[in-house]
Amino acid sequence: MLGTAPKYTIAELEKKFPPRDLPVGAMVTRFAPSPTGFMHIGNLYGALIDYKLAQQSGGVFMLRIEDTDTKREVVGAVDVVKNAMRRFGFEYNNDEKYGPYYQSQRKDIYRSVAAELLRNGRAYPCFLTADDMEKIRSEQSAAGFATGIYGEFARDRDIAPDEIIKHLDNGEVPSIRLYSTGNPNARIFCKDAVRGSIGFPENNEDLVLIKSNDGLPTYHFAHLCDDHFMRTTHVVRGEEWLPSLPLHYQLFRMMEWTPPVYIHTATLDKIDEDTGKQRKMSKRKDPECNVAFFLENGWPTDAVIEYLGNILASGYEEAKLKGVVKNFWEYEMKPKKIPMSGGLFDMKKLEWWAKEYIGAMTVPDLVRAVTDWAKEYGDDKQKMQVADLEYLTAVLAIERDNPKRVRKDFITWKQTLELVEFFWDDLFVPNREYKYNTDVLNAFLETFDIADDKDTWWNKIVEIANRFGIKNGDVAMDLRVALSGRTNTPDLYSIMQVMGKARVTQRIKATL
RNA sequence: GGUCCCAUCGUCUAGCGGUCAGGACAUCGGAUUCUCAUUCCGGUAACAUGGGUUCGAUUCCCAUUGGGACUGCCA
């Protein structure tokens, strides 16, 4: 029925993948995405929990590719995942002893376990076609029954051996279904690490274990085999898996294996701009739910981690503010404290984390981060901005010398470069709307000396203001707009120092 | 329809029977010898509703309402 004889017995598999030799309390986790070519921010959130749990407990974090859906295969999809892991600093340890880590390469294992189930009557070959099932489903819903292949609706549940041979001779390939003995009137209690014990009706559906079209396992069966033999201790997954928890308990119980600890995470939501209502982040409508969005727009990956980390361990923020820990990796999260109610993804708060993060960087680190980003993702303008490292450094160093009073207007690498565009002559946009006081500008030019220290420089401005009977600020504003084209800028003195004498006089003269 | 999950300021949350219901973001004021930003100070703002249990409920139980998930040979 499985085409070939099983490669292993259960005992052989147990020996091949022995329990891990790890200290007590060490958690073994895995990030197990299906390679769709798109990584959702929710995936990253889950992976962060996995990685963090393993990291803080001295355990193992694995990356397992769930490529059992041949129909949804996307080329390059695995690279998207691996790139994200690297960018966000999630180091996985795929010890080959417990591999392979592509489910498509683990057929031997699934088939061996399935063979055992077939042998002891816990599973059976099912020759129902898609049409058959569609018919069953419509009849069930018409009659008001629950849909699915179960009990009397499971035609091949007790199929006779000669019937099987007949189908096989006919060239039909069966799927392998669970022979469920669950009683829907009885209750099974399952455990979720944050929600506690949850009662469900026992599962009576003969779910597919091995698909007929490609011989690959369904998620449920792969989860059973992989997380058992990879010796996963903690399974972190989205709450959409909660309803299949009784099935998974049933599967593990049937094999007499110990199920892992389950942690079901709430989905990240957002407010729909059109309806004003809360909803799940969607791939199509919300670019910011794509991890690639954060990379392409130059969000500091560590700030994204800090933000997500604070969501999943709400005490982190306070610990950091108090100086108890320096970053999220130093903070010990508690699995029980992972929020179970859906959270809104708050871009404003992410921005705050990003501002704080960049504000705490040294100038050389900031320059490097911005430069690296521009080289990979920037446009021609941005690449030009990072070409002269010395000038870029001077620009980004403005008002960063006093650690207690660092500017916090940089949010992303991209936005940082946009904010300082006026420092480059090619990108500078003169302000033609502003009504300049040319007398003031001329007066400034007369006494301007780039070598002046800040006090001398300021006293000259005060002197001009007095002479024209206007406020100091008005003089400064004329200069500010002439130099930057903007009414809001960092410290004027610093700007002039960075721009240099020639550029300052040239820009002022150009407005006269 | 059935099953399951969830519910404290606008947002994320602390709380685990007795608190002036705390913090952070956002927001609104005020101060900081040039705008903006920063920094500091201060303010507005929440226990969805109805029943119980209890001397006492944000907290425990049950309904209701609201939000969400699942109900595929997708994960």
Side-chain angles (χ1 to χ4, degrees), chain A residues 32-36 66-69 71-72 126 128-130 133-134 137 141 144-149 173-177 184 190 192 194-195 198-201 203 205 207-220 222-223 237-246 264 266-267 269-271 277-280 307 310-311 314-318 320-321 337 339-353 355 359 399-400 402 404-410 419 458 461-462 465 471-481 484 486-493:
Chain A
S34 43
T36 62
E66 308 229 320
D67 54 349
T68 56
D69 187 0
K71 292 188 287 291
R72 285 206 311 190
C126 172
L128 249 20
T129 64
M133 289 184 287
E134 189 42 54
R137 186 186 319 286
S141 47
F145 292 126
T147 54
I149 304 304
V173 180
S175 61
I176 307 301
R177 282 186 186 271
C190 307
D192 172 274
V194 291
R195 288 159 235 257
I198 307 169
F200 297 88
N203 167 64
E205 275 198 71
L207 280 119
V208 171
L209 268 17
I210 304 276
K211 298 180 279 180
S212 64
N213 62 138
D214 50 20
L216 285 167
T218 55
Y219 170 86
H220 311 291
H223 158 54
R237 46 156 58 157
E239 65 181 346
E240 68 270 18
W241 290 109
L242 219 36
S244 43
L245 197 47
H264 293 94
T267 50
D269 296 349
K270 74 167 284 169
I271 296 288
K277 286 198 163 184
Q278 185 166 339
R279 62 164 169 76
K280 199 169 165 178
Y307 172 64
N310 187 240
I311 288 182
S314 66
Y316 168 60
E317 181 178 328
E318 203 179 334
K320 170 151 178 170
L321 256 26
K337 300 272 282 181
M340 49 188 171
S341 53
L344 273 191
F345 191 85
D346 185 348
M347 281 304 267
K348 278 276 177 261
K349 187 129 189 188
L350 205 215
E351 285 182 7
W352 176 77
W353 280 105
K355 287 177 178 176
E399 286 187 85
R400 286 196 148 250
N402 181 350
K404 288 295 283 178
R405 297 180 86 90
V406 174
R407 299 190 66 85
K408 287 182 182 162
D409 36 16
F410 297 151
L419 219 47
W458 178 250
I461 287 173
V462 173
K471 286 187 279 191
N472 302 342
D474 293 336
V475 177
M477 189 54 79
D478 264 24
L479 292 166
R480 169 173 294 110
V481 178
S484 70
R486 305 181 184 186
T487 51
N488 299 337
T489 69
D491 176 60
L492 248 195
Y493 178 74

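Every chain is numbered from 1 and lettered A, B, ... according to where its sequence line falls, protein lines coming before strand lines. Heavy-atom basis, side chains included; hydrogens, waters and symmetry copies ignored.
Contact annotation: A:K211 reaches the phosphate of B:C74 (side-chain N/O to OP1 or OP2, under 4.0 Å). Proximity of A:K71 to the phosphate of B:C74: a side-chain N or O atom is located under 4.0 Å from OP1 or OP2. Of the side-chain N and O atoms in A:K337, none sit less than 4.0 angstrom from OP1 or OP2 of B:U13. Listed pair A:S314 / B:A24 fails the phosphate criterion, with no side-chain N or O lying under 4.0 Å from OP1 or OP2. For the pair A:T489 and B:A37, the criterion of a side-chain N or O lying under 4.0 Å from OP1 or OP2 is not met.
Rounded to whole Å, atom P of B:A37 lies 19 Å from atom NZ of A:K404. Rounded to whole Å, the distance from CD on A:E351 to P on B:A37 is 14 Å. For A:N310 and B:A14, the CG to P distance is 10 Å, given to the nearest whole Å. Residue A:M477 contributes atom CE, which lies 12 Å from atom P of B:C34 at whole-angstrom precision. With rounding to whole Å, A:H264 atom NE2 is found 12 Å from B:C5 atom P. Per the geometry, OH belonging to A:Y307 stands 17 Å off P belonging to B:A24, to the nearest Å. Atom pair A:I311:CD1 and B:U11:P shows a separation of 14 Å (rounding to whole Å applied).
Taking the six-membered ring where the residue is Trp, A:H220 and A:W241 present perpendicular rings, their angle passing 60° and hence far from 30°. Note on ring orientation: taking the six-membered ring where Trp is involved, the planes of A:Y316 and A:W353 are parallel (angle under 30°, cut-offs 30° and 60°).
Partner assigned to B:A45 is none, using Watson-Crick or G-U wobble distances below 3.5 angstrom. Across all strands shown, B:G52 is found opposite B:C60 as a Watson-Crick or G-U wobble partner, with both distances under 3.5 Å. Nucleotide B:A7 is matched to B:U65 when pairs are restricted to Watson-Crick or G-U wobble geometry with both distances under 3.5 angstrom. Nucleotide B:G1: paired with B:U71 (Watson-Crick or G-U wobble, both distances less than 3.5 Å). Summarising the base pairing, B:C36 is matched to no nucleotide, lacking a Watson-Crick or G-U wobble pair whose two defining distances lie under 3.5 Å.
With C1' as the reference atom, B:C25 and B:C70 are 34 Å apart, rounded to whole Å.
Nucleic acid contact for A:L209: none, since no nucleic acid atom lies under 4.0 Å from a heavy atom of the residue. Among the atoms of the strands shown, base atoms are found under 4.0 Å from some heavy atom of A:W241. A:S244 comes within 4.0 angstrom of nothing in the nucleic acid, heavy atoms only. Across all strands, A:G315 comes closer than 4.0 Å to no nucleic acid atom at all (heavy-atom distances). Heavy atoms of A:R137 sit under 4.0 angstrom from primed sugar atoms or phosphate atoms, though from no base atom. In this structure, A:P339 reaches the sugar-phosphate backbone alone: every heavy-atom distance under 4.0 Å involves primed, P, OP1 or OP2 atoms, never a base.
Here the nucleotide nearest the side chain of A:E240, chosen from B:U35, B:C34, B:C70, is B:C70.
A donor-acceptor contact under 3.5 Å is formed by the side chain of A:S212 with the base of B:C73. Checked by distance alone, A:D409 brings no side-chain donor or acceptor within 3.5 Å of a matching partner on the base of B:C36.
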